[in-house]
There are 2 protein chains.
Amino acid sequence: MTATGPEFTPRQNEVLASALRLVVEGGEKALTTAAVARAANCSKESLYRWFGDRDGLLAAIVAHQASKVRVPHENDYQLSASAFRERLVTFAEDLLTVLAGDTSLALNRLAIGQASREGSPLGRLLLERGRLRIATRARVLLEAGAAQGHIAAVDATEAYRTLYGLIVRDAHGRWLLGQEPEGTEADFAARANLSVDQFLTLFPPDAQDTGHPAG
Amino acid sequence: MTATGPEFTPRQNEVLASALRLVVEGGEKALTTAAVARAANCSKESLYRWFGDRDGLLAAIVAHQASKVRVPHENDYQLSASAFRERLVTFAEDLLTVLAGDTSLALNRLAIGQASREGSPLGRLLLERGRLRIATRARVLLEAGAAQGHIAAVDATEAYRTLYGLIVRDAHGRWLLGQEPEGTEADFAARANLSVDQFLTLFPPDAQDTGHPAG
DNA sequence: AACAAATAGTACCGTACGGTACGGTTCGGC
DNA sequence: GCCGAACCGTACCGTACGGTACTATTTGTT
């Protein structure tokens with residue numbers, strides 16, 4: 001059951017924050033138990049007592065940070081078309097900002113680098129506690145928009161994935177591979193606006209009940 | 001200058017193929033010099049003579065495999081609208097098939113896992129010899145299509161990135177994180193068709209010269 | 001046949017790192 | 001003030017791995 005989060009003591013959170021900094025700055029290679037102990041002013045013995053082993057520490061880092069993914073739970077109903085569009089644009093900007101951030105990139109690289117192992121628990125953690133939450137938030141918004149006739153009423157997951165593709169395209173992949181996110185905030189805003197325009201073009205509100213917006 | 005590829009001897013290619021198998025099956029952790037030497041029936045000394053050090057071996061693996069990215073250089077002109085669309089669908093299917101493949105995923109994971117290092121040569125290698133080639137091929141196709149009036153004549157790079165986003169969405173990210181590509185060939189074909197439909201909706205041929213297809 | 005170059009196989013070295021043990025210190029409970 | 005738990009800091013251990021050295025064997029050349 002995992003009880004939705006044993007969480008950690010404040011001290012342990014401090015240590016995890018230090019460990020996260022190491023990962024962000026130097027990648028997985030920099031995350032040795034000795035380095036964490038030194039950076040966090042704690043003993044290796046404590047690390048092992050708290051997190052079991054190195055893998056447990058990695059998992060704790062990801063879980064700790066992913067738990068900070070707080071999606072704003074706003075009321076999406078009774079939105080005008082323009083307000084709905086504004087919500088989508090904000091979502092797009094937030095998504096780009098998060099994905100281009102040091103922390104997100106570092107944790108994704110960490111989890112992806114370990115994903116060859118069977119089970120790939122880090123990847124699952126990131127998928128379930130990071131991406132899934134964001135996707136859920138967006139789906140709620142999209143379903144509300146559909147209910148109010150702002151967009152075509154189709155499968156929210158399909159619609160969300162299309163929206164994601166239009167917003168992110170291949171940028172995340174390029175960033176993960178080391179290409180600098182040259183995007184300024186203004187660029188992100190422009191990208192967000194354009195992708196939402198495109199999304200609304202593909203899912204126009206007038207479609208009566210056809211499941212395929214572009215068929 | 002790098003002379004577009006010093007390439008390797010047949011024997012060295014054999015060794016690189018063995019090394020690639022190790023990476024695909026066990027990730028970077030499985031790629032120890034001893035394991036490569038054992039798997040390829042060669043000596044560690046030869047490995048170091050040929051590839052310099054472990055990083056050189058990694059780079060050689062990526063370069064070797066990336067050099068196999070052979071984009072079909074077809075004649076894209078004098079295509080009917082339906083033939084042009086068919087080309088796009090084929091491209092989409094090929095892209096999904098490649099990205100979902102074991103080898104691509106393993107090499108991307110490898111390069112991404114190392115991308116924290118400054119310079120991230122593996123990432124650059126993959127970007128320049130893999131993604132860039134594919135993008136170039138697609139851009140040529142798109143420019144031809146635009147020249148023949150099959151799609152709106154806009155910046156080919158922008159159009160390609162949108163096409164990529166519509167085809168791949170967040171699937172690549174999920175796969176990289178360890179989620180199984182549940183897609184069968186039929187699923188890929190359906191996805192390819194739908195994404196091309198969406199793309200053609202966003203870049204309709206009738207637009208005279210507006211740079212913004214959805215603005 | 002003689003020789004040189006390349007290579008397989010193995011043994012070896014140094015180090016870095018995961019994990020453990022231990023002494024000294026702080027801190028809360030009684 | 002006393003005790004035990006938790007914890008820091010450090011020292012320590014075993015191993016795995018990157019990289020090197022050496023020998024035996026093959027291969028190609030003259």
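Order of the sequence lines sets the chain letters (A, B, ...), proteins ahead of strands, with each chain counted from 1. Hydrogens, waters and symmetry mates play no part in the numbers below; they use all other heavy atoms, side chains included.
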What residues, two or more places apart in sequence or in another chain, satisfy side-chain hydrogen bond (donor to acceptor under 3.5 Å, both in side chains) together with A:Glu25?
A:Arg21
Between B:Val15 and A:Ala34, which is nearer to the 5' end of DNA chain C once each is assigned its nearest nucleotide?
B:Val15
Taking only residues at least two apart or on different chains, which pairs with a member in residues 107-119 of chain A satisfy side chain to side chain donor-acceptor pair (under 3.5 Å)?
A:Glu28-A:Gln114, A:Asp55-A:Arg117, A:Ser104-A:Asn108
Determine which pairs satisfy side chain to side chain donor-acceptor pair (under 3.5 Å) with at least one residue from residues 58-71 of chain B, sequence neighbours left out, and list them in order.
B:Asn13-B:His64
Under-4.0 Å side-chain N/O to phosphate OP1/OP2 contact, B:Trp50 with C:dT7
yes
With a 4.0 Å cutoff (strictly under), does any side-chain N or O of A:Ser46 reach OP1 or OP2 of D:dC8?
yes
Sugar-phosphate or base contact per nucleotide [nucleotides 19-28 of chain D; S, B, -; heavy atom under 4.0 Å]:
BBBB------
Sorted by first residue and then second, give each ring-ring contact (aromatic ring centres under 6.0 Å, His included) pair with at least one member in residues 116-137 of chain B; sequence neighbours left out.
none
Contacts of type side-chain contact (heavy atoms from CB on, under 4.5 Å), residue A:Ala138, not counting sequence neighbours
A:Phe91, A:Tyr160
side-chain contact (heavy atoms from CB on, under 4.5 Å) involving B:Asp102 - partner list, sequence neighbours excluded:
B:Val24
Indicate every side-chain donor-acceptor pair of residues 174-183 of chain A with a distance under 3.5 Å to a residue at least two apart or in another chain.
unit_1, atom_1, unit_2, atom_2, d
A:Arg174, NE, A:Gln179, OE1, 2.8
A:Arg174, NH1, A:Asp170, OD1, 2.7
A:Arg174, NH1, A:Asp170, OD2, 3.2

Helical bend (five base pairs per end, nearest 10°) for the helix from C:dA1-D:dT30 to C:dC30-D:dG1
10°
